[in-house]
Amino acid sequence: MRKIVICALIGGSAFAGFIAAQLAPTSAASTVPVTKVASRADAAGSSNPVVIELFTSQGCSSCPPADLLARRLAKDDSLLVITRPVTYWDRLGWKDTLAKESNTALQRAYAAKRHEGSGVYTPQMVVNGGGGAVGSRENDIRSLVRRADRSGPSITAATDARGQMIVKISGKSDYMAGVSLIALSSSETVRVGRGENGGRTMHYVNVVKAERNLGSWRGKTMSITVPPENFRTNGADKYAIVVQRPGAGPIVAAKLLDI
């Protein structure tokens, strides 16, 4: 498994350039401390799925095994897998047709938050906005999932008579968190024409199509009204609510909506 490190200006708008490819470390699981390790009772009683974000690219020859793992993990209702194709391999001869600069920026912010310097790589999975690991290393990913904090606020959602989605976030805390609506495509198939994966057909699950900020949760019960037009994103057939602390902080709650 190759680990590719990109030199980026964290907080800036451009990459400084490529660093030579190097071998991935023996263990890719992050050593960042988890805020709280959920007990078996917490895990059993919580409705919050653990969020796994996969940073991948059509221009990355090491990514297909991680893309396959993401599709398998997405079948588990206790997990919410979100695929975030990044842009920094576009210069190698193939422009990723699903990549977004916002995905690249988020991965950089995660790297900076965990004091990993400027290094970002593909494939990478980040669990609940905290620990990260090489995206094809299932044992490392499942270890991070077992340690994930599932004790955050609960999210319920229902559609009213006017077709609006009423999202209720219940719980108490001493921190603030942003609330986002993420539009997802449950399945994408791409035939890659050039680059490291030239000639290959790539398959992806729950690819980000759009994200919308719905406001802030301030540690007490609140309701948010989401109008029906927010569920008409081109190419999206799934929508999820994600509650995340500022500055690429931990994801404290999430829910896949029933649309």
Side-chain angles (χ1 to χ4, degrees), residues 34-38 42-55 70-84 100 102-103 106-107 109-110 113 124-133 135 141-142 144-159 165-173 175-186 205-224 226 230-231 233 236-259:
V34 176
T35 303
K36 174 185 174 183
V37 178
D42 287 335
S46 172
S47 60
N48 278 327
V50 174
V51 178
I52 299 175
E53 295 170 289
L54 169 63
F55 296 92
R71 300 201 305 275
R72 188 163 72 249
L73 293 174
K75 297 176 182 179
D76 185 340
D77 290 340
S78 71
L79 306 174
L80 173 55
V81 175
I82 297 175
T83 298
R84 292 185 175 275
K100 293 182 177 298
S102 57
N103 294 334
L106 178 61
Q107 190 186 23
Y110 280 148
K113 191 80 173 183
Q124 183 188 37
M125 287 186 183
V126 174
V127 176
N128 266 6
I141 301 303
R142 291 195 179 277
L144 290 169
V145 168
R146 286 192 295 270
R147 296 168 52 212
D149 183 357
R150 306 174 191 230
S151 64
S154 64
I155 303 174
T156 57
T159 304
M165 180 73 71
I166 310 300
V167 177
K168 183 177 180 181
I169 303 173
S170 303
K172 293 183 179 181
S173 77
Y175 57 79
M176 183 183 74
V179 183
S180 297
L181 175 68
I182 304 181
L184 303 169
S185 172
S186 59
V205 67
N206 294 347
V207 178
V208 173
K209 290 295 184 179
E211 298 180 68
R212 182 186 297 268
N213 177 28
L214 299 181
S216 297
W217 180 65
R218 300 181 180 275
K220 59 183 179 181
T221 298
M222 68 175 292
S223 293
I224 300 173
V226 186
N230 286 4
F231 299 107
T233 300
D237 59 358
K238 286 183 177 181
Y239 294 84
I241 297 291
V242 172
V243 182
Q244 184 168 19
R245 296 182 67 173
I251 293 173
V252 297
K255 182 177 180 63
L256 187 64
L257 298 176
D258 184 10
I259 303 298

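Of the inter-residue distances, the one linking I155 atom CD1 with I224 atom CD1 reads 9.0 Å to the nearest 0.5 angstrom. Summarising the geometry, atom CD1 belonging to I259 is positioned 3.5 Å from atom CE belonging to M165; distances are rounded to the nearest 0.5 Å. Going from atom CG of L54 over to atom CD of Q107 covers 9.5 Å, rounded to the nearest 0.5 Å. With rounding to the nearest 0.5 angstrom, the CD atom of E53 is 4.5 Å from the CD1 atom of I251. Rounded to the nearest 0.5 Å, atoms CG (L79) and CD1 (I141) are 10.5 Å apart. The structure places CZ of R245 at 9.5 Å from CH2 of W217, a figure rounded to the nearest 0.5 Å.
When all heavy atoms of G135 and M125 are compared, the closest pair comes out as O-CE, 3.3 Å. Residues T83 and V205 share a closest heavy-atom pair of OG1-O, 2.6 Å. S102 approaches E211 most closely through the heavy-atom pair OG-OE2, 4.2 Å. Of all the heavy atoms in A183 and A236, the pair that sits closest is CB-CB, 3.7 Å. The nearest pair of heavy atoms linking A254 to V51 is CB-CG2, 3.4 Å.
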Legend entry - L144 and V50: CA distance, side-chain angles, deciding distance, side chain to side chain contact (heavy atoms under 4.5 Å, CB included) verdict: CA-CA 10 Å; L144 290 169; V50 174; over 6 Å; no
Inset, instruction - Go through Y110 and Q124 one step at a time and tell me if the side chain to side chain donor-acceptor pair (under 3.5 Å) criterion holds. - result: CA-CA 11 Å; Y110 280 148; Q124 183 188 37; over 6 Å; no
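For Y239, the ring-ring contact (aromatic ring centres under 6.0 Å, His included) partners are F231, not counting sequence neighbours. Residues forming a side-chain hydrogen bond (donor to acceptor under 3.5 Å, both in side chains) with K209 (at least two apart in sequence, or on another chain): E188.
Considering only heavy atoms from C-beta on, L73 comes within 4.5 Å of R142 through its side chain. Inter-residue side-chain proximity for R150 and V145 is flagged as met; some heavy-atom pair is nearer than 4.5 Å. When side chains are defined from C-beta on, I182 counts as touching R84, because their heavy atoms get closer than 4.5 Å. Taking 4.5 Å as the limit, some side-chain heavy atom of N206 sits within range of a side-chain heavy atom of S186. The shortest side-chain heavy-atom distance between M176 and P246 falls under the 4.5 Å cut-off.
Looking only at distances, no side-chain donor or acceptor of S170 sits under 3.5 Å from a matching main-chain atom of S154. For the pair S216 (side chain) and R218 (backbone), a donor-acceptor distance under 3.5 Å is absent. Between the N128 side chain and the G130 main chain, no donor and acceptor come within less than 3.5 Å of each other.
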